[in-house]
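In each ligand, atom 1 is the first atom listed, and ligand 1 is the first ligand listed.
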Amino acid sequence: AKGCGKNVFALFDKRMNEHASERVTLLADLRQAVELGQFVLHYQPKVDLLTGKVTSVESLVRWMHPRLGMLAPDKFIRLAEESGMIAELTAWVLRTACLQAKAWQDANLAPVRVAVNLSPFHFQRQDVKQSVCAVLEATGLDPTLLEIEITESALMQNDEYTCRVLRELREMGITISVDDFGTGYSSLSYLHRFPINTLKIDRTFILNMMKSSEDQAIVTAIIAMAKSLKMQIVAEGVESVDQLEALKDQGCHEIQGFLVSRPVNAERVARFFTDEDHL
Ligand code: C2E
Ligand code: CA
Ligand code: CA
Ligand code: CA
């Protein structure tokens, strides 16, 4: 039994080492990836439930890894945050998204905003306002065509400083959205202090709302709260017509999810930029 225990530990140790060395390799790759241009942005439309028109597209980063293929953000965002690489990655995402939005605008497509996810790490350590201003200036994009998504938990961590930065961005005409809403237990009075345009109801509530009356009740409460604060409401992760109908009945303003489109490349998402009804 003694020997057995030792083997278990040896195996555990080996796995840990493998895991650690995978991380080291991936981190080394990540350091080069921005320089080598291995990231791409995909875009997912948000559609107004009354008009069926696209209001905004969310940019979602993918890493075209030379050996591992296309990696989703859950495989590398955390690593980028922990290693400090997130600053460079975010700078790339912001610049690429704004350049793309400007190109769409120049092509005379119906105007849609482009939304960029900002990591809480980025918010704590970087001068967000300065980097956003620099990108808008360099790309010539109208600030009203840029949207920032910040998670509810990031909002709750930072408070005073975040509030000030968001207010400055908002004053420039940038749209501020709170992502993954409903998971962070924000109160009405708390939210009210922030200059927020939009609440995005977290995907897990939408996923369960048709089968759980509790989740349905949470969705109803979030919509009522957002309306009382004059905020726009987006439901994320909408996959079925049933969900769409229920959300419409509740007075939700916009939906985003596979029902309308998966995240797709810039060329493919542009087909949504028309005055047509996309529902
Ligand atoms: P998020 O901001 O909540 O983005 C929505 C995620 O839900 C995306 O996953 C999207 O593909 C997925 N999704 C959209 N509609 C549906 C649906 O109907 N059903 C299901 N099952 N999923 C749906 P993705 O692209 O893998 O991104 C995951 C997360 O990675 C994002 O969650 C965001 O937090 C983070 N992320 C993505 N791009 C960036 C970025 O450029 N910067 C930072 N800091 N984070 C990013
Ligand atoms: Ca988001
Ligand atoms: Ca989300
Ligand atoms: Ca329709």
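- Remark: among candidates Lys200, His42, Arg62, the nearest residue to atom 25 (O) of ligand 1 is Arg62, based on non-hydrogen atoms.
- When distances from atom 45 (N) of ligand 1 to the protein are checked, a heavy atom turns up under 4.0 Å.
- Residue Leu89 is not grouped with residue Met70 when hydrophobic side chains (ILVMFWY) are merged at heavy-atom distances under 4.5 angstrom, including chains of intermediate members.
- Distance check: His65 NE2 to Leu36 CG gives 10.5 Å after rounding to the nearest 0.5 Å.
- An angle of 90° is found at the Ca ion (ligand 3) between Asp179 atom OD1 and Asp180 atom OD1, rounded to 10°.
- Distances from atom 32 (O) of ligand 1 to the protein include no heavy-atom value under 4.0 Å.
- Ile206 and Gln243 make their closest contact through O-NE2, 3.0 Å (heavy atoms, listed as atom of the first residue, atom of the second, distance).
- Residues Val264 and Leu99 fall into different hydrophobic clusters, defined by Ile, Leu, Val, Met, Phe, Trp and Tyr side chains chained together at heavy-atom separations under 4.5 Å.
- Around atom 15 (N) of ligand 1, the closest heavy atom drawn from Gln256, Gln44, Glu236 belongs to Gln44.
- Below 3.5 Å of separation, one finds no N or O of Leu259 facing any N or O of ligand 1.
- There is a protein heavy atom closer than 4.0 angstrom to atom 13 (N) of ligand 1.
- The N/O atoms of Glu149, backbone and side chain alike, include none that comes under 3.5 Å of an N/O atom in ligand 1.
- Aromatic ring centres of Phe76 and Phe39: separated by under 6.0 Å.
- When the side chains of ILVMFWY residues are joined at heavy-atom separations under 4.5 Å, either directly or via intervening members, Tyr161 and Phe194 end up in a single hydrophobic cluster.
- Side chain of Thr183 to main chain of Asp180: a donor-acceptor pair is present (N/O by atom type, distance under 3.5 Å, no hydrogens or angles).
- Among the atoms of Ser177, no N, O or S atom is found under 3.0 Å from the Ca ion (ligand 2).
- Residue, atom and distance of the protein heavy atom nearest to atom 42 (N) of ligand 1 are Asn117 O, 3.4 Å.
- On a distance-only criterion, Glu58 and ligand 1 share at least one N/O pair closer than 3.5 Å.
- His253 places a side-chain N or O within donor-acceptor distance of the main-chain N or O of Ile233, the cut-off being under 3.5 Å.
- The name of the N, O or S atom in Glu149 nearest to the Ca ion (ligand 2) is OE1.
- Of the polar atoms of Phe258, at least one N or O is found under 3.5 Å from an N or O of ligand 1, judged by distance alone.
- Cation-pi geometry between Arg262 and Phe258 is met: the NZ or CZ atom falls under 6.0 Å from the ring centre, inside 45° of the normal.
- Of the residues listed (Glu149, Glu236, Glu254, Glu58), the one engaging Lys46 in a salt bridge (charged side-chain N to carboxylate O under 4.0 Å, His left out) is Glu149, and it is the only one.
- When the N, O or S atoms of Glu58 are ranked by distance to the Ca ion (ligand 2), OE2 comes first.
- For the pair Arg203 and ligand 1, the shortest N or O to N or O distance falls below 3.5 Å.
- For the pair Asp74 and ligand 1, no heavy-atom separation below 4.0 Å is found.
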